[in-house]
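Taking it in order: structure first as structure tokens, then the write-up.
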Amino acid sequence: MLRPRIIPILLLDGRALVKTRKFKKWKYIGDAINAVKIFNDKCADELILLDIYATKEKRSPNYSLIEEIISEAFMPVCYGGGISSFKSAENLFNLGIEKISIRTQIFENEHFIKELASHFGSSSIVASVDIQRSLFGFNLHISEKKIFFKNLNKIKDKLKKLQDLGSGELLVQVINRDGMQTGLDIILGQEIAKDLTIPVVLSGGTDSLDNISIALSSGISAIGVGAKFVLHGPHNAVLVSYPSETEFERLQKSII
């Protein structure tokens, strides 16, 4: 059986590593390079790195910082933030990025995904969507806008189209759960995953390995983890962590 995919998600604000809560900047974590070195030591299998303000500030990825991070990372890295052109994607792949995560452009320019997938391969392209549960339905956040859907079916139609255009993976970030450590929205992730053939990575709210086990047993391919891997204890002290080999073995046995 393949090792379960549990992926640390690191959020960049400039050169600083931060953690958000419900997508609002909340806590300074430290230096990104140091965090990557720790995940190296803990044998993390892969890493997601997101510059959370690059697109909002209309700037390109910080290539020099990304190059530093890649030179230190012993695992494949997926990068997202500020990727608005073919050239920016090409630059990232040339630096050694394994996958790129596209968020805003997937809805504003659907042919962008198709162009990237046809040139770099679908396995290198991750479509990223931010979903928020509301009292009467769901909000899909696109750039600075949010679009309300009464039920999930219309969102699922959009996600199916992203798959058809060439996305090789889907990252679903649940805004309500972000940074809360109150449990993954497994029902939402399961509903999305069951109608797609590409892997679905669910992120937002991880509180335990048991929580991860239930999610992975439900048809969700991978779990993206933020707060649980960088904060510790009732006072949210900064502490980078990752499951041990023993914990991975126990997790593998628990996945149905």
Next on the checklist: Taking Asp31 first and then Arg15, would you say they form a salt bridge - that is, a charged N and a carboxylate O separated by under 4.0 Å?
Outcome noted: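 Arg15 and Asp31: not salt-bridged.
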
Checklist entry - So, Glu245 and Arg250, do they make that salt bridge, N to O below 4.0 Å? => result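 Not counted as a salt bridge, because no side-chain N and carboxylate O are separated by less than 4.0 Å.
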
Checklist entry - Among pairs that include at least one residue of residues 120-172, which meet ring-ring contact (aromatic ring centres under 6.0 Å, His included), considering only residues two or more places apart or in two chains? => result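 Every ring-ring contact (aromatic ring centres under 6.0 Å, His included) pair that includes a residue of residues 120-172, provided the two are not neighbours, is Phe86-Phe120, Phe93-Phe120.
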
Checklist entry - Which ring-ring contact (aromatic ring centres under 6.0 Å, His included) pairs, counting each pair once, include a residue from residues 233-256, with sequence neighbours left out? => result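 Non-adjacent pairs meeting ring-ring contact (aromatic ring centres under 6.0 Å, His included): Phe229-Tyr242, Tyr242-Phe248.
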
Checklist entry - Residues two or more places apart in sequence or in another chain: which of them pass side-chain contact (heavy atoms from CB on, under 4.5 Å) with Lys87? => result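 Once residues adjacent in sequence are excluded, the partners of Lys87 under the side-chain contact (heavy atoms from CB on, under 4.5 Å) criterion are Ser85, Glu90, Asn91.
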
Checklist entry - Residues two or more places apart in sequence or in another chain: which of them pass side-chain contact (heavy atoms from CB on, under 4.5 Å) with Phe74? => result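 Here the qualifying residues are Asn40.
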
Checklist entry - Among all residues two or more places apart in sequence or in another chain, which pass the ring-ring contact (aromatic ring centres under 6.0 Å, His included) test with Phe107? => result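 For Phe107 there are no ring-ring contact (aromatic ring centres under 6.0 Å, His included) partners, ignoring immediate neighbours.
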
Which heavy-atom pair separates [X] from [Y] by the least distance, and what is that distance?
{"X": "Gly224", "Y": "Val201", "value": "N-CG1, 3.7 Å"}
{"X": "Ser101", "Y": "Leu171", "value": "OG-CD2, 4.4 Å"}
{"X": "Pro4", "Y": "Leu216", "value": "CB-CD1, 3.7 Å"}
{"X": "Glu191", "Y": "Leu152", "value": "CB-CD2, 3.7 Å"}
{"X": "Ile9", "Y": "Ser203", "value": "CD1-OG, 3.4 Å"}
{"X": "Ser88", "Y": "Pro61", "value": "CB-CD, 4.5 Å"}

Set of residues satisfying side-chain hydrogen bond (donor to acceptor under 3.5 Å, both in side chains) with respect to [X], sequence neighbours excluded:
{"X": "Asp178", "value": "Lys19, Thr20"}
{"X": "Asn176", "value": "none"}
{"X": "Glu169", "value": "Arg5, Lys99"}
{"X": "Glu249", "value": "none"}

Out of curiosity, does [Y] fall in the hydrophobic cluster containing [X] (side-chain heavy atoms, cut-off under 4.5 Å, transitive links)?
{"X": "Ile7", "Y": "Ile192", "result": "no"}
{"X": "Ile186", "Y": "Met180", "result": "no"}
{"X": "Trp26", "Y": "Phe23", "result": "no"}
{"X": "Val172", "Y": "Leu165", "result": "yes"}
{"X": "Leu12", "Y": "Ile100", "result": "yes"}

Next on the checklist: Go through it in stages, so that I can follow the logic: the residues are Ile33 and Lys37, the test is side chain to side chain contact (heavy atoms under 4.5 Å, CB included), and I'd like the CA-CA distance, side-chain angles, deciding distance and then a yes or no.
Outcome noted: CA-CA 6 Å; Ile33 304 291; Lys37 288 179 178 178; 3.9 Å; yes

Can you check whether [Y]'s main-chain N or O pairs, donor with acceptor, with [X]'s side chain at less than 3.5 Å?
{"X": "Glu72", "Y": "Val36", "value": "no"}
{"X": "Tyr79", "Y": "Gly81", "value": "yes"}
{"X": "Asp185", "Y": "Leu188", "value": "yes"}
{"X": "Arg103", "Y": "Ala127", "value": "no"}

Item to check | Point-to-point distance, once rounded to the nearest 0.5 Å, from CG of Asp51 to CG of Leu11 | outcome: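 Those atoms lie 9.5 Å apart.
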
Checklist entry - In Å and rounded to the nearest 0.5 Å, what is the CD1 to CD1 distance from Ile70 to Ile97? => result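 Output value for this atom pair is 3.5 Å.
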
Next on the checklist: For Lys158, give me all partners under salt bridge (charged side-chain N to carboxylate O under 4.0 Å, His left out), at least two apart in sequence or on another chain.
Outcome noted: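 Testing Lys158 for salt bridge (charged side-chain N to carboxylate O under 4.0 Å, His left out), a comparison that skips the adjacent residues, returns none.
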
Next on the checklist: For residues 205-214, which residue pairs pass the side-chain hydrogen bond (donor to acceptor under 3.5 Å, both in side chains) check, not counting sequence neighbours?
Outcome noted: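 Passing the test, one end in residues 205-214: Ser213-Ser254.
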
Checklist entry - Which pairs pass side-chain hydrogen bond (donor to acceptor under 3.5 Å, both in side chains) with one or both residues in residues 111-129, sequence neighbours excluded? => result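 side-chain hydrogen bond (donor to acceptor under 3.5 Å, both in side chains) check on residues 111-129 returns no pairs.
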
Item to check | Leu140 side chain reached by Asp130 side chain, heavy atoms, under 4.5 Å | outcome: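 No, too far: nothing below the 4.5 Å cut-off.
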
Checklist entry - Which is it for Asp195 and Lys160 under the salt bridge (charged side-chain N to carboxylate O under 4.0 Å, His left out) test, yes or no, and what are the steps along the way? => result CA-CA 8 Å; Asp195 288 339; Lys160 177 68 164 56; over 6 Å; no

Checklist entry - Within a reach of under 6.0 Å around NZ of Lys161, are more than 12 heavy atoms found that belong to other residues, nucleotides or ligands? => result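 Counting neighbours around NZ of Lys161, 12 or fewer heavy atoms of other residues, nucleotides or ligands fall under 6.0 Å, so no.
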
Checklist entry - Leu116 and Gln105: side chain to side chain contact (heavy atoms under 4.5 Å, CB included), yes or no, with the steps? => result CA-CA 11 Å; Leu116 294 176; Gln105 288 291 322; over 6 Å; no

Checklist entry - When you look at Asn139 and Ile131, which way does the side chain to side chain contact (heavy atoms under 4.5 Å, CB included) test go after all the steps? => result CA-CA 6 Å; Asn139 289 313; Ile131 299 177; over 6 Å; no

Item to check | Asn94/Glu67 under side chain to side chain contact (heavy atoms under 4.5 Å, CB included): CA gap, chis, key distance, verdict | outcome: CA-CA 10 Å; Asn94 287 339; Glu67 186 173 22; over 6 Å; no

